[in-house]
Amino acid sequence: MTLPVGPEIDSTPRPLPPRTTLRGQYAVLEPLHNRHVDELWRAAQGADESWTYLPSGPFATRDAMLRQINDVAADPQRVTWAIRPIATGVASGWLSLMDIQPKNAAIELGGIWFAPVMQRTRAATEAMFLPLKLAADDLGYRRLVWKCNALNAPSKRAAERLGFTFEGTHRMHMVVKGRRRDSDWYSIIEDEWPSRRDALLAWLAPENFSPDGTARRGLAEIRGY
């Protein structure tokens with residue numbers, strides 16, 4: 001009897017993501033650096049709730065944020081970008097490609113923090129799209145991962161909006177800020193990525209927006225589900 005095995009694939013290890021600037025129509029992603037601290041510190045004022053489900057923050061002082069920025073920017077296991085919306089020209093968030101597994105061609109988009117001024121904007125959506133496109137199209141990663149605190153409803157909605165598929169919950173997965181965290185896992189795999197990419201590009205197209213900035217069609221409508 002022959003036991004079932006998975007399909008053969010290209011097992012060549014994928015390249016590590018470069019620490020380079022990513023430019024879009026609505027946002028520029030710059031490799032995170034301590035020069036971003038003043039803009040990010042100002043953007044974080046009055047936004048303590050935005051750090052609720054993240055392992056760091058809110059920060060009591062500028063120097064505390066600076067230490068975190070330096071630690072994250074120097075982490076060899078991830079690539080982190082500061083996000084500069086073109087509309088404002090001011091760095092207002094950050095995100096990372098992390099848990100990078102070149103041999104498995106798997107990579108996670110995570111560590112996402114958006115200041116309130118950037119939330120629910122075209123720049124925010126494009127900021128998440130650009131690293132995914134880099135990983136899947138330019139570097140050949142087959143599995144794109146999103147994971148979040150199972151209590152983080154906005155993050156779960158964001159994953160679903162981008163076209164990630166829910167895979168399940170890792171119970172008692174982590175301890176974050178002294179509290180137990182269950183983590184919900186999502187993924188986009190290589191066969192799914194082209195349709196997600198094309199839907200995101202169609203949503204981001206300038207002609208999809210009315211003069212007041214409202215999207216004419218949502219991502220779910222564009223994808224057809």
Side-chain angles (χ1 to χ4, degrees), residues 16-51 53-59 61-98 100 107-139 144 146 148 154-155 158-159 161-162 197 200-209 212-215 219:
L16 294 173
R19 297 178 186 273
T20 189
T21 298
L22 305 178
R23 299 183 183 277
Q25 301 176 87
Y26 311 111
V28 177
L29 275 59
E30 303 168 357
L32 186 65
H33 189 273
N34 56 27
R35 66 174 175 270
H36 294 111
V37 66
D38 288 331
E39 290 173 300
L40 292 170
W41 172 247
R42 288 193 294 270
Q45 299 313 295
D48 284 4
E49 190 175 272
S50 65
W51 303 94
Y53 296 109
L54 293 173
S56 63
F59 303 99
T61 66
R62 174 190 178 280
D63 285 346
M65 175 179 271
L66 177 61
R67 287 193 293 273
Q68 176 66 16
I69 287 173
N70 284 335
D71 288 347
V72 172
D75 187 343
Q77 305 301 316
R78 63 198 290 173
V79 179
T80 303
W81 290 271
I83 306 161
R84 190 179 299 280
I86 290 174
T88 66
V90 178
S92 303
W94 65 53
L95 50 67
S96 302
L97 286 175
M98 53 199 292
I100 303 166
I107 197 166
E108 176 187 349
L109 178 67
I112 300 171
W113 174 72
F114 293 159
V117 70
M118 208 182 83
Q119 294 172 10
R120 303 178 66 83
T121 65
R122 277 177 269 183
T125 297
E126 187 175 58
M128 294 182 286
F129 169 66
L130 291 173
L132 294 173
K133 184 177 186 300
L134 170 70
D137 288 345
D138 299 342
L139 304 179
L144 308 174
W146 180 293
C148 62
S155 184
R161 176 174 174 269
L162 293 171
R197 176 195 59 214
L200 281 159
L201 286 170
W203 187 86
L204 289 165
E207 57 268 24
N208 187 45
F209 293 90
D212 66 0
T214 303
L219 271 170

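Positions are given from 1, in the same order as the sequence printed here.
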Do the side chain of [X] and the main chain of [Y] share a donor and acceptor less than 3.5 angstrom apart?
| X | Y | value |
| --- | --- | --- |
| Glu126 | Gln25 | yes |
| Thr88 | Val90 | yes |
| Asn208 | Trp203 | yes |
| Tyr26 | Leu204 | yes |
| Glu108 | Met98 | no |
| Arg78 | Ser96 | no |
| Gln68 | Ala64 | no |

Ignoring hydrogens, what is the shortest heavy-atom contact between [X] and [Y]? Give both atom names and the distance.
| X | Y | answer |
| --- | --- | --- |
| Ile69 | His33 | CG2-O, 3.7 Å |
| Ala27 | Ala123 | CB-O, 3.8 Å |
| Pro18 | Leu139 | CD-CD1, 4.2 Å |
| Glu30 | Thr21 | CA-OG1, 4.3 Å |
| Arg62 | Asp38 | NE-OD1, 2.6 Å |
| Trp81 | Thr20 | NE1-O, 2.8 Å |

TODO: Working to the nearest 0.5 Å, report the span between CD1 of Ile83 and CH2 of Trp113.
DONE: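 Nearest 0.5 Å value for the CD1-CH2 distance: 9.0 Å.
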
Task: Rounded distance (nearest 0.5 Å) linking atom CG of Asp75 with atom CG of Asn70 - done: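 If we round to the nearest 0.5 Å, Asp75:CG and Asn70:CG are 12.5 Å apart.
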
Contact check, side chains of [X] and [Y], non-hydrogen atoms, under 4.5 Å:
| X | Y | answer |
| --- | --- | --- |
| Leu144 | Leu109 | no |
| Phe114 | Met128 | yes |
| Pro85 | Ser92 | yes |
| Trp94 | Leu32 | yes |
| Leu97 | Leu134 | yes |
| Leu95 | Leu29 | yes |
| Arg67 | Phe59 | no |
| Leu54 | Ile112 | no |

Task: From CA spacing to verdict: side-chain contact (heavy atoms from CB on, under 4.5 Å), Val28, Leu22 - done: CA-CA 6 Å; Val28 177; Leu22 305 178; over 6 Å; no

Does a side chain donor of either [X] or [Y] reach within less than 3.5 Å of an acceptor in the other side chain?
| X | Y | answer |
| --- | --- | --- |
| Asp212 | Thr214 | yes |
| Trp51 | Ser56 | no |
| Ser155 | Trp146 | yes |
| Arg120 | Thr125 | no |

TODO: Would you indicate whether Arg23, at its atom CZ, is surrounded by more than 12 heavy atoms from other residues, nucleotides or ligands within a distance under 6.0 Å?
DONE: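 No, the 6.0 Å shell around CZ holds no more than 12 heavy atoms from other groups.
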
- [ ] Inspect the surroundings of CD in Gln45 and state if more than 12 heavy atoms from other residues, nucleotides or ligands are less than 6.0 Å away.
- [x]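 More than 12 within 6.0 Å, yes.
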
Task: Cationic tip of Arg122 above Phe209 ring, under 6.0 Å, 45° of axis - done: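 Flagged: Arg122 positioned over aromatic ring of Phe209.
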
